[in-house]
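Here the structure is laid out as structure tokens; the discussion comes afterwards.
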Amino acid sequence: MNPFTSNRFWQTKEKEHGLQTVLEGADPIRTTPFPCREVMGKQALECVQQVFEYYWEKQQDVPYQAHFEEKYCKEFADYYGGGFADAVNSGSVAVHLAVLALELPPASEILISPVTDPGSVSAVLLAGHKIVVADAAPGSFNVNEAAVRAALQAHPSIKAALITHVGGVPVDMVAVSQVLEEHAVELIEDCSQIHGGALGGKRLGTFGRFAAFSTMFTKNHTTGSTGGVVLCADEKDYWMIRGLADRQKPFASSAFNPKDPGTFLGPGLNYNANEIGCALGSQSLHCLPEVITKRQQLVNTLDSLLEQTTAYCPLRLSPSAQASYFFYNVAISEQLTDQQVMRLKQALAAEGTSVNADYRYVVCEWDWCKEKYLNGVQTPNATRHRQRSINILFHEKYSTADMEDIVWALVRAEHYALHN
């Protein structure tokens, strides 16, 4: 029996923790930390040992762009159904290289998602281009077809689009990519938060010319502390990315001489990945399907309770969409007034549990960005959703008991909001 659909769960939790919040003098629900993900566990240590032992046997110091990177990049591309992948040293760099590889005219307009990481926004700006921010779909952090079409109509000179799948929830890339194709706009998917997600059986990251991935330690798929991958279908694009990632070396040229910088294609920086990170990536990629499955199971557990509350609205995905949850975004019911929502979020913050009640990644709200780059543009749907939603932070090592503690923090906050 699902504990969330039985009275016993409610009765046990109310007896154990009560309905009063920390703001009202109650003890926190959680007195012990939530579990560590242990990405750098024993299996990861074995991967590092393999790298050292491989090069010890070869009597060679550990290089870059070598055995473990080649192996990882092939495995990564194969996971996405073919094409080419290049591992780099961060997700922001992956976006930056994909933007550069489009070879757009200087100061081109690039459409971006309203909710994304500042690294992705900076990757566009530092490439010398302008950003145009689309609004989100109502009740979402993601764009939809209507939002993209409206942005293209308002800015017909847009040359490319950088579309982010926020929190591991798929954008409807079938519809969005079709609109972009109608307007001859190049597409880069930012898949940093949706490793392994799919739409209609097609992997997200394969709808555009390029896809950029962050593989930092918090992501569902990781290469260690920090890292990134650029994915593309065309071999010419791949060699372009490889060169941009390594000081503009002309790798595709039969006359390429790595010892003659005079033959390089121009100024460039070193954005390469490393062998240890790539070995970790191979191990993590192998575990990704299980990670996705376990996170989905935990979300299903959450949904079974949230459906019984007044304040919280479980996410409803298209049957053709496969999420790969980085966090779980939950909308707050329109039945609650804005003042009640504020009280609910105050109560959640005081609980100190694994919930972010104030997600500050709405681009148009950043002072440094709106003052210099946006000319007063607003994204009201994205802002409204930030104000009236929460993010549940979790990973595959969380247990049912961990999720129950989060749930009861939500229940106590709801009670506080509705009865105070």
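Bear in mind that the values here come from a model prediction, so they are computed numbers and not experimental data.
Between the side chains of Ser120 and Asp117, no donor-acceptor pair is found at a separation under 3.5 Å. For the 3.5 Å distance criterion, the side chains of Glu365 and Thr383 qualify, holding a donor opposite an acceptor. Between the side chains of Thr223 and Tyr72, no donor N or O sits under 3.5 Å from an acceptor N or O. Asp303 and Tyr328 share a donor-acceptor pair across their side chains, judged by distance under 3.5 Å alone. Side-chain contact annotation: Trp239 with Glu235, donor-acceptor N/O pair under 3.5 Å present. Side-chain N/O atoms of Asp338 and Gln387 include no donor and acceptor closer than 3.5 Å. For Asp190 and Ser192, the side-chain atoms include at least one donor-acceptor pair closer than 3.5 Å.
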What's the verdict on salt bridge (Lys or Arg N to Asp or Glu O under 4.0 Å) for Lys294 and Glu290, showing C-alpha distance, side-chain angles and the deciding distance?
CA-CA 6 Å; Lys294 286 186 175 180; Glu290 183 180 4; 3.1 Å; yes
Step by step, would you call Thr215 with His195 a side chain to side chain contact (heavy atoms under 4.5 Å, CB included)?
CA-CA 9 Å; Thr215 57; His195 290 269; 3.9 Å; yes
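Both cation-pi conditions hold for Arg242 and Phe251: the charged atom is under 6.0 angstrom from the six-membered ring centre and inside a 45 degree cone around its axis.
Test Tyr79, Phe326, Tyr80 against Phe213 for ring-ring contact (aromatic ring centres under 6.0 Å, His included) and you get one pass: Tyr80. The only option from Asp234, Leu162, Leu231, Ile241 that meets the side-chain contact (heavy atoms from CB on, under 4.5 Å) definition with Phe210 turns out to be Ile241.
Relative ring orientation between His221 and Phe76 is described as tilted, the plane-to-plane angle lying within the 30° to 60° band. Aromatic ring orientation, Phe264 versus Phe256: tilted (interplanar angle from 30° to 60°). Below 30°, between 30° and 60°, or above 60°: for Trp368 and Tyr373 the angle between ring planes is above 60°, a perpendicular geometry.
Within the 3.5 Å criterion, the main-chain N or O of Ser389 finds a donor-acceptor partner in the side chain of Lys345. In this structure, Asn142 contributes its side chain and Val166 its backbone to a donor-acceptor pair below 3.5 Å. Between the side chain of Thr301 and the backbone N or O of Gln297 there is at least one donor-acceptor pair closer than 3.5 Å. A donor-acceptor pair under 3.5 Å is absent between the side-chain atoms of Ser284 and the main chain of Leu280, judged by distance alone. Of the possible donor and acceptor atoms, one in the side chain of Gln193 sits under 3.5 Å from a partner among the backbone N and O of Gly167. Between the side chain of Glu414 and the main chain of Leu344, no donor-acceptor pair closer than 3.5 Å is present.
The ring pair (Phe, Tyr, Trp, His ring centres under 6.0 Å) test applied to Tyr359 returns Phe141, Phe327, Tyr361, not counting sequence neighbours. With sequence neighbours excluded, the residues forming a side-chain contact (heavy atoms from CB on, under 4.5 Å) with Ala321 are Pro170, Leu199, Leu317, Ser318, listed by chain and number.
With respect to the salt-bridge test (charged N to carboxylate O, under 4.0 angstrom), the residues Arg30 and Asp402 qualify. Ion pairing of Glu75 with Lys71 is present here, as a side-chain N (NZ or NE/NH1/NH2) and a carboxylate O approach within less than 4.0 Å. Looking at Lys159 and Glu109, no side-chain N of the basic residue comes within less than 4.0 Å of a carboxylate O on the acidic one, giving no salt bridge.
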Cut-off 3.5 Å, no hydrogens considered: what does the side-chain donor-acceptor table look like for residues 181-188, sequence neighbours left out?
from	atom 1	to	atom 2	distance (Å)
Glu182	OE1	Arg149	NH1	3.4
His183	ND1	Val179	O	3.0
Glu186	OE2	Arg209	NH1	2.8

Counting only pairs under 3.5 Å, give me each side-chain donor-acceptor contact of residues 90-100, with atom names and distances, residues two or more places apart or in other chains.
from	atom 1	to	atom 2	distance (Å)
Ser90	OG	Ser92	N	3.4
Ser90	OG	Val93	N	3.0
His96	ND1	Ala123	O	2.9

Show me the donor-acceptor pairs, under 3.5 Å and distance only, between side chains in residues 128-135 and residues at least two apart or in other chains.
from	atom 1	to	atom 2	distance (Å)
His129	ND1	Ser108	N	3.2
Asp135	OD1	Asn381	N	3.3
Asp135	OD1	Ala382	N	3.1
Asp135	OD2	Asn381	N	3.0

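Among residue pairs with one or both ends in residues 249-276, those qualifying as salt bridge (charged side-chain N to carboxylate O under 4.0 Å, His left out) are Asp246-Lys249; sequence neighbours excluded.
Once rounded to the nearest 0.5 Å, the distance linking CG of Asp86 with CG of Leu244 reads 10.0 Å.
Counted within 6.0 Å of CG on Asp27, heavy atoms from surrounding residues, nucleotides or ligands total 12 or fewer; the atom is thus considered open. The number of heavy-atom neighbours closer than 6.0 Å to CD of Gln43, taken from other residues, nucleotides and ligands shown, is 12 or below.
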